[in-house]
Colleague: 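Take a look at this one; I'll ask things after.
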Protein chains: 2
Amino acid sequence: MNHTDDRPPTTVGDRPVALADGQAHAWTPRTARIRFREGLAGPTAGVAAGHTQANLISVPADWAYDMLLFCQRNPKPCPVLDVTDAGSVTTVLAEDADLRTDLPRYRVWENGELVDEPTDVRAHWRGDLVSFLIGCSFTFEWALTAAGVPVRHVEQGRNVPMYVTSWQCRPAGRLRGPLVVSMRPVPPAHLSAAIRESSLLPAVHGGPVHCGDPAALGIDDLGRPDFGDPVDLEPDDIPVFWACGVTPQAAVTASRPPFAITHAPGQMFLSDARDEQFRVV
Amino acid sequence: MNHTDDRPPTTVGDRPVALADGQAHAWTPRTARIRFREGLAGPTAGVAAGHTQANLISVPADWAYDMLLFCQRNPKPCPVLDVTDAGSVTTVLAEDADLRTDLPRYRVWENGELVDEPTDVRAHWRGDLVSFLIGCSFTFEWALTAAGVPVRHVEQGRNVPMYVTSWQCRPAGRLRGPLVVSMRPVPPAHLSAAIRESSLLPAVHGGPVHCGDPAALGIDDLGRPDFGDPVDLEPDDIPVFWACGVTPQAAVTASRPPFAITHAPGQMFLSDARDEQFRVV
């Protein structure tokens, strides 16, 4: 593990939820939220097919402008789907959801250090928290599948591999940090469709930031992701890298705000929104 | 003029710059900015072809979070291309530009009232202003033209007509207000291309918010726009309505922040960015 001070700690990998329950892909988002509220945890790729998943980061109101500006200045990793009012635990993306309980697993941060990874953050919640829900690349995996593009990590029953890169985000106020990417191996014959289909969904990271040599992103070894699981490449597969909603967590590690709550990588918020709503054509 | 308290005052129509100088479409953005800095004013549709135009709104830093959140919650009318640091008069969209002098005409607002419409705002500038540059639908007119869609207001040498609608934006903090739209008449045979081409440019308002009956938007008379000029429809033309970057000015009128500076409707900031940069595929 090539772990520096700017790199957030890796996840203890839960089993993917979609594998833990063979029916999870057919769940409604509400069913998924209730199961997670009851304590089920694990990566959510493939859960509640066709419904939009979201990254979470909650920061004190005093940091909300910096975070919103960081997102605006870095729209590929941080496409904002909703921002709550301070203290609110609900979102327009799912009217009955409670953001403190309805994600599979959370991370709690103090001064940039990971201090807890609970499945419920009611004990950590503060009245001054502003929550950001940020688009997730799991959303476009359905579009890839529909276009015939194989999605290796789903085929292999693993969490998507994610890497902290050497590329720096554009700073905003007190926030700075590196770009985090997810990687999917794509056969050359499917590369055009993979780029086109993801590009049509700019609200969930859009098209890839890089295709090919991982060294261009400062990634030494695809087999050792910073988060998630390594995934096996077929012989001709091209590694394709998309900006990732874990980027705000890397900014937390690098910028050390006094307090933050995030989702655990790969363990997303299941919204009631449908992926198709975010497709531009 | 159906003018209520929530409706910003209409423009005194300058002559379109592109008509005032037959070469304006071939200007570089820098040439356009220099001409505007020297005092030239007027609508900028068609100026510096292929380069991205932007709406401007500058608010005191105390109002910046509300404005950025308003933009995030209303991305169709308010797609943010850049936000400056407080007091800065420059933007990443054009490194040598001065936001106080380089637009053709400005509007200065106090407590929601229009108090001045100068061609230079150096005398009004304050060190606590945060400037928002917001995508403009003039950007996709080139894509429409390239796809063979006639652009009536350009053909007729007029500013695009803009209307305050009965649709309310999603409020954010102290900011609320109605959606403002621009209207372009489109022949039925070109409607599909007009929707597709604009949808591929979500950073400059994307696809239309409505096609057809103006009454659905609370517009009584297409011949009496709230800003810009009326445009003549050909017999079969369908009125097509796009969200408009004048919407923040309507929010200023409705929400009465103590101070704001904006562009004058249709008289945009000429950036160095190229329209193609904002196309998703």
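Since this is a predicted model, take the numbers as computed values, not measurements.
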Colleague: By salt bridge (charged side-chain N to carboxylate O under 4.0 Å, His left out), which residues pair with A:D275, not counting sequence neighbours?
Modeller: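 A:D275: no salt bridge (charged side-chain N to carboxylate O under 4.0 Å, His left out) contacts found.
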Colleague: Quick check: under 4.5 Å, non-hydrogen atoms only, which of residues 194-213 of chain A neighbour chain B?
Modeller: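 So the qualifying residues are A:R196, A:S199, A:L200, A:P202.
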Colleague: Show me, pair by pair, the donor-acceptor contacts under 3.5 angstrom made by side chains of residues 144-152 of chain B, not counting sequence neighbours?
Modeller:
{"residue": "B:T145", "atom": "OG1", "partner": "B:E141", "partner atom": "O", "Å": "2.9"}
{"residue": "B:R152", "atom": "NE", "partner": "B:D237", "partner atom": "OD2", "Å": "2.8"}
{"residue": "B:R152", "atom": "NH1", "partner": "B:E155", "partner atom": "OE1", "Å": "3.3"}
{"residue": "B:R152", "atom": "NH2", "partner": "B:D237", "partner atom": "OD1", "Å": "3.0"}
{"residue": "B:R152", "atom": "NH2", "partner": "B:D237", "partner atom": "OD2", "Å": "3.3"}

Colleague: Looking only at heavy atoms, what is the nearest atom pair of B:V83 and A:R170, with distance?
Modeller: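 Answer, listing the atom of B:V83 first, then A:R170: O-NH2, 4.2 Å.
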Colleague: Please list, in residue-number order, every residue in residues 66-77 of chain A that has a heavy atom less than 4.5 Å from any heavy atom of chain B; write 'none' if there are none.
Modeller: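 Hits under 4.5 Å: A:L68, A:L69, A:Q72, A:R73.
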Colleague: Where on A:A64 is there a heavy atom nearer than 4.5 Å to chain B: the side chain, the backbone, both, or neither?
Modeller: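 Contact with chain B is through both the backbone and side chain of A:A64.
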